[in-house]
Peer 1: 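If you scroll down you'll find the structure; I have some questions about it.
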Amino acid sequence: MTTTLAAAWTGHDTRLIGATVLAIAVIVVLITKAKLHPFLALILGSGALGLVGGMPVDKLIKSFSSGVGSTVASVGVLIALGAMLGKLLADSGGADQIVDTILRRAGDRTLPWAMALVAALIGLPMFFEIGLVMLIPVILLVARRTGKPLLLLGIPALAGLSVLHGLVPPHPGPLAAAGALNANVGLTLAFGLLVAIPTVIIAGPLFGRLAAKMVPDAVAPERLVPESSSSDGRRPGFLATLSTVLLPVVLMMGKALADILLEKENHVRRVLDFIGDPLVALLAAVLLGMLTLGRAAGFTRGKLSSTIGDSLPPIAGILLIVGAGGGFKQTLVDAGVGNVITGLATGANLSPLLLGWLVAVAIRLATGSATVATVSAAGIVAPLAATMDPSHSALLVLAIGAGSLFFSHVNDAGFWLVKEYFGLSVGQTLKSWSIMETIISVVAIALILPLGALL
């Protein structure tokens, strides 16, 4: 096999691999050392890749621009709709309704499991940072009321948020990877939930017990503990809120099942394909949420309009990063890097799922950003997905997402958010949050690889 690989290896291949390593190094150094925004770092990294890889300047610019355009067109609208739904959920009190209803029915022994469930439901339409900021007051208040160790309740909630962030659409990472790999979003969602449930259980309530023993003296800063987690205003009902949050999930999974079970000419499949398209499903959830969440909370038309409008500015940075990641991906593809990686993986008989995970792990460790790791790794292994069936393409998205969560440390903004909110030292954060993220990544890929072998 070594002889075959050596024979197939050319000077051009060496140059392309060298250009890729240099481009990733440029991105890493600019983000971590120069503290440059990832959007600018990805642009400069793409330029370094194209120029060192021998691309004509006009082709380089065209490749990057087309990658940005196609990514924003396919993913940007979905991210915006997800942000609108999340803002409606937060401002209407629907998130508080879900939290209070579940916690009222949870006993002392099931409280960590309830926290994981709360985080999963709230985190489904929200970005990690937004979900974390919303959940922190709940975690701190419940810990104070019950006297339970902070990490016994905090780790399950963090695990629920983090797993959904890495594995389940409509979060930006999985959506961007699915777009780059032309993977079926419905199948990605279905497999993502299948992998997410046991992963949350292991990394959340089960590891939470151990984390509480390893860091028993975790105490949140007093100024962060709220007086009350409930709202005095009107709230939407629990069932209405839950139905709104789960509507896009149900519609997208319905499309995935129809694609598997029904013929293309079947009229039911055509209907499900339309309403289960991520754009239509999320749009339907936002429109429904304006009634079931906004109107139920007493929002006027003006308040509804301002809530929807206020949801967009916070995601501008995410959209730019994802778009630049798409440009980087397209530059990789057009330079021919993906074909070289594909040839190496084929010659070395390395599983594409494992390769995607390893590439994402390397970029995550270097840059600290799960989103950058996801979009960059998806671009590198994209040609592998061209020959895959829809199921394996969806699993490749999940493998990359799992790798993007590996061992969060000091170069990750999430690391510092957790440290400050939970009143931890750097060492305590490494022993709790960082290990939890690693467990999520390893457990997820350990579940994804057998799924890939069975399908």
Side-chain angles (χ1 to χ4, degrees), residues 1-2 4-6 8-9 13-14 16-25 27-28 45 49 53 166-167 173-174 176-183 187-188 191-192 195 199 325-326 328-367 369-407 438 440-455:
M1 185 177 69
T2 304
T4 304
L5 286 174
W9 193 263
D13 293 341
T14 304
L16 286 177
I17 293 298
T20 303
V21 172
L22 175 64
I24 293 174
I27 294 170
V28 170
L49 167 67
L167 300 180
L181 303 176
N182 292 317
L187 279 177
T188 304
F191 287 138
V195 172
T199 303
F328 181 58
K329 180 269 298 184
Q330 194 60 45
T331 306
L332 284 163
V333 171
D334 291 348
V337 175
N339 293 328
V340 176
I341 297 294
T342 302
L344 285 175
T346 304
N349 200 26
L350 186 65
S351 164
L353 300 179
L354 183 59
L355 177 65
W357 183 79
L358 290 171
V359 171
V361 165
I363 300 174
R364 159 70 158 181
L365 289 173
T367 65
S369 170
T371 303
V372 171
T374 300
V375 295
S376 300
I380 291 171
V381 301
L384 293 173
T387 58
M388 288 181 169
D389 59 58
S391 296
H392 284 86
S393 295
L395 289 175
L396 182 56
V397 171
L398 299 183
I400 291 170
S404 75
L405 299 176
F406 190 88
F407 196 73
T438 305
I440 290 172
S441 181
V442 173
V443 169
I445 193 62
L447 295 169
I448 292 165
L449 289 175
L451 272 176
L454 289 172
L455 294 175

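Nothing fancy with the numbering, it's 1 onward along the sequence. Atom set for the values below is all heavy atoms of this structure, side chains included, hydrogens, waters and symmetry mates excluded. Please read these numbers as outputs of a predicted model, since none were measured by experiment.
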Peer 1: Over all heavy atoms of both residues, which pair between Val397 and Ala183 is shortest? Give the atoms and the distance, please.
Peer 2: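 So the minimum-distance heavy-atom pair works out to CG2-CB, 3.7 Å.
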Peer 1: List the atom of Ala360, the atom of Ala373, and the distance in Å for their closest heavy-atom pair.
Peer 2: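 Closest approach of Ala360 to Ala373, heavy atoms only: O-CB, 3.7 Å.
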Peer 1: Given Val443, which partner from the list Thr199, Thr438, Val195 fulfils the side chain to side chain contact (heavy atoms under 4.5 Å, CB included) test?
Peer 2: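 Between Val443 and the candidates, side chain to side chain contact (heavy atoms under 4.5 Å, CB included) is satisfied uniquely by Thr199.
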Peer 1: Verify, without hydrogens or angle tests, whether Arg364 (side chain) and Phe406 (backbone) share a donor-acceptor contact under 3.5 angstrom.
Peer 2: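 Answer holds: yes.
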Peer 1: Would you compute the distance between atom CG of Leu405 and atom CG of Leu167 and round it to the nearest 0.5 angstrom?
Peer 2: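 The CG atom of Leu167 is 6.5 Å from CG of Leu405, to the nearest 0.5 Å.
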Peer 1: Working note: Thr20 + Leu49, criterion side-chain contact (heavy atoms from CB on, under 4.5 Å); need CA distance, chi angles, decisive distance, verdict.
Peer 2: CA-CA 6 Å; Thr20 303; Leu49 167 67; 3.8 Å; yes
Peer 1: What's the shortest heavy-atom distance between Met388 and Pro352, and which atoms?
Peer 2: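 Shortest heavy-atom separation between Met388 and Pro352 comes out as CE-CB, 3.3 Å.
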Peer 1: Hey, could you give me the CG/OG distance between Leu332 and Ser376, rounded to the nearest 0.5 Å?
Peer 2: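 Answer for the CG-OG pair, Leu332 versus Ser376, is 7.5 Å.
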Peer 1: Any sub-3.5 Å donor-acceptor pair from Ser441's side-chain atoms to Ala402's backbone N or O?
Peer 2: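 Indeed, once roles are kept as given, a pair shorter than 3.5 Å links the two residues.
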Peer 1: What heavy-atom pair brings Val375 and Ala176 nearest, and what distance separates the two atoms?
Peer 2: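 Closest approach of Val375 to Ala176: CG1-CB, 3.5 Å.
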Peer 1: When rounded to the nearest 0.5 angstrom, what is the spacing between OG in Ser404 and CG in Leu398?
Peer 2: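 If I round to the nearest 0.5 Å, the distance is 10.5 Å.
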Peer 1: If I compare all heavy atoms of Leu353 with all of Leu395, which pair ends up nearest, and what's the gap?
Peer 2: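 Shortest heavy-atom contact: CD2-C, 3.6 Å.
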Peer 1: side-chain contact (heavy atoms from CB on, under 4.5 Å) for Phe328 and Ile27? Distances and angles first, verdict last.
Peer 2: CA-CA 11 Å; Phe328 181 58; Ile27 294 170; 4.0 Å; yes
Peer 1: Quick one: CG on Leu187 to CG on Asp389, what's the gap to the nearest 0.5 Å?
Peer 2: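 Separation between the atoms: 9.5 Å.
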Peer 1: Looking only at heavy atoms, what is the nearest atom pair of Ala180 and Ala382, with distance?
Peer 2: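 So the two residues come closest at O-CB, 4.1 Å.
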Peer 1: If we check side chain to side chain contact (heavy atoms under 4.5 Å, CB included) with Trp357, which of these qualifies: Ile448, Ile445, Val381, Leu449?
Peer 2: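 Answer after filtering Ile448, Ile445, Val381, Leu449: Ile445.
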